[in-house]
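One structure is given here, and the rest of the page talks about it.
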Amino acid sequence: MQTFRRIGILTSGGDAPGMNAVIRAIARKANKQGVEAVGIIGGYNGLINKKLIPLTTSAVSNIITRGGTMLYSDRCLEFKTEEGMQKAIETCKSNDIDAIVAIGGDGTFRGATDLAIRGIPTIGVTGTIDNDITATEYTVGFDTAMNTVVEVLDKLRDTCESHARCNVVEVMGRNCGQIALRAGIAAGAMAVAIPEIPFDEEATINRIKAAKRKAKRGMLIVVSEGVFATDENGNKVPYGEVLKKKIQEQTGIETKFARLAHIVRGGTPTLRDRLTASQMGVKAIDLILEGKSNLVVVEEDSKIESMDIVFALTADRMYKNKLMAGDLDKFSAEDIAKMEAICEKRRQEIANLYAIINDLAL
Ligand code: ADP
């Protein structure tokens, strides 16, 4: 059985509240097991350029409550090249780093699997507000982001109500409508537009007109940033602003547009994010010490489990209709059926939530 001297921890891609809680859990659990933890500053860039700090038990004190990431994050193109990858491996070898835990989203996991296949045991832990990794029910940061959106929507509701206005609010989520959908339901939005389900613009405008006739004053519409319209020159433009104009023109209701943008990425992590971060961080160290590699820690049926990274990334591409030629060749029929079941479960979950918006709108 391999002995582990040092484990490197990095955060990469878009930051998410709760990443610090993952770092803390990994460092503390590793130290308890007699393994040193090393923080890699600035994602894969820090691994290439040997930017390392010791993560003793006390070095991760007082970070569980903090948003962002104490290890900072970066997007690193060099890491996608063989030369960059070899520099990263050299850093591990010359600094006695026997394994890496990479916290981030799907891009981060692609990097992790590249390291793993070159002989550096690597485990991925989710850290992305978008909850857009199909193979896991939950990603660290999602709950805090949704709660931030709800808090802002509640504030906008107050002022919409006072002035009998409509507010179209665009929220982050990349190509995934989960934040918009769940926060929209929780804030009592009249309609939600997400990339996964075609948006019925005409029905929404009719709904707004009908609500006005029923003397409804404040109205909220949530649009995920992954929804686009096409302008008169054929360019892709964010749908939220387009919808805002159409609502105002067609209903006569004063309509505002708000883009929450990165507000949604910051802030103190919620209990759910701190708890899941702690569970996933501990699981990552357990897996490494069991000699496992090339796995991502996921939540499946509300339990913390692990899954082969390549399986998880392939299931993700299957869900997003981005499978490439040969992607499924290395998987058994049983694996492919499991991926299809994961995709179907996700589609069903979104369809069920979307139906609630329509069931509850005035
Ligand atoms: P996220 O992890 O949030 O999805 P990105 O997609 O930006 O964020 O990926 C984060 C980083 O992971 C990239 O900047 C790059 O360093 C690394 N990465 C992404 N894709 C690959 C890849 N195909 N091979 C190696 N590294 C990758």
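If you're wondering where the values come from, they're calculated on a predicted model, not measured in any experiment. Start at 1 and go down the list; that is how both ligands and their atoms are numbered.
- The residues lining ligand 1, counting any heavy atom closer than 4.0 Å, are S12, G13, G14, Y44, R75, C76, F79, K80, G105, D106, G107, T108, R110, G111, D114, R174.
- Under the ring pair (Phe, Tyr, Trp, His ring centres under 6.0 Å) criterion, the residue pairs touching residues 171-202 are F199-Y239, with sequence neighbours excluded.
- In this structure, the salt bridge (Lys or Arg N to Asp or Glu O under 4.0 Å) partners of R265, at least two apart in sequence or on a different chain, are D15.
- Between R346 and E137 there is no salt bridge, since no side-chain N of the basic residue sits under 4.0 Å from a carboxylate O of the acidic one.
- The stretch residues 144-196 participates, sequence neighbours left out, in no ring pair (Phe, Tyr, Trp, His ring centres under 6.0 Å) pair at all.
- A salt bridge is defined here as a Lys NZ or Arg NE, NH1 or NH2 lying under 4.0 Å from an Asp or Glu carboxylate O, and E254 with K212 fails to meet this definition.
- A salt bridge between E161 and K216 is absent, with no side-chain N of the basic residue lying under 4.0 Å from a carboxylate O of the acidic one.
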